[in-house]
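Structure, as structure tokens:
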Amino acid sequence: MWDVEQRFEVVLDDVTIESDHQHKTPEGRWYTQAQAVDLYRSAGLVDVEVTSEFTTDRATPDDRLFCVLGVRPEATSAT
């Protein structure tokens, strides 16, 4: 967990027309690969894969930076 402070501005013709300041404590979440896969599956996603960092290589158990990809099944009609 970490603290984050951000400021967002909408500028039009060199004039700030909107501004937003956000402070989040704590920010971020940390999941194990197994926890992330379980979350995807509990959301109904299938064909869940875990890749290493931002590549298409399969993640190893030691990878701490990983991406999880899943497929939402097609909705079936009730007719």
Side-chain angles (χ1 to χ4, degrees):
M1 299 296 209
W2 52 87
D3 294 341
V4 171
E5 205 164 326
Q6 298 174 314
R7 181 178 182 89
F8 299 95
E9 293 182 341
V10 177
V11 178
L12 180 64
D13 296 326
D14 295 324
V15 176
T16 301
I17 57 175
E18 191 168 338
S19 179
D20 184 33
H21 180 258
Q22 298 177 0
H23 180 85
K24 296 179 185 175
T25 304
E27 167 75 4
R29 291 176 175 81
W30 187 269
Y31 297 101
T32 65
Q33 291 180 31
Q35 289 170 325
V37 168
D38 286 345
L39 286 170
Y40 270 58
R41 289 188 177 141
S42 69
L45 298 171
V46 296
D47 299 329
V48 178
E49 298 179 21
V50 182
T51 63
S52 179
E53 298 188 0
F54 302 106
T55 70
T56 56
D57 299 334
R58 177 171 280 155
T60 67
D62 294 333
D63 282 335
R64 294 181 61 183
L65 178 58
F66 56 88
C67 292
V68 182
L69 307 169
V71 176
R72 184 178 73 180
E74 292 295 322
T76 57
S77 65
T79 59

Arg7: salt bridge (Lys or Arg N to Asp or Glu O under 4.0 Å) partners, not counting sequence neighbours: Glu9
Remaining members of the apolar cluster that contains Val50, side-chain heavy atoms under 4.5 Å: Val37, Tyr40, Leu45, Val48, Phe66, Val68
Whichever hydrophobic residues join Leu69 through chains of side-chain contacts under 4.5 Å: none
Shortest non-hydrogen contact between Gly44 and Pro73, atoms and distance: O-CD, 3.2 Å
Sequence neighbours excluded - side chain to side chain donor-acceptor pair (under 3.5 Å) pairs with any residue from residues 42-56: Ser52-Asp63
Closest non-hydrogen atom pair, Cys67 against Phe54: SG-CD2, 3.6 Å
Listed partners of Gln22 passing side chain to side chain contact (heavy atoms under 4.5 Å, CB included), at least two apart: Gln6, Phe8, Asp20, Lys24
Set of residues satisfying side chain to side chain contact (heavy atoms under 4.5 Å, CB included) with respect to Val15, sequence neighbours excluded: Ile17
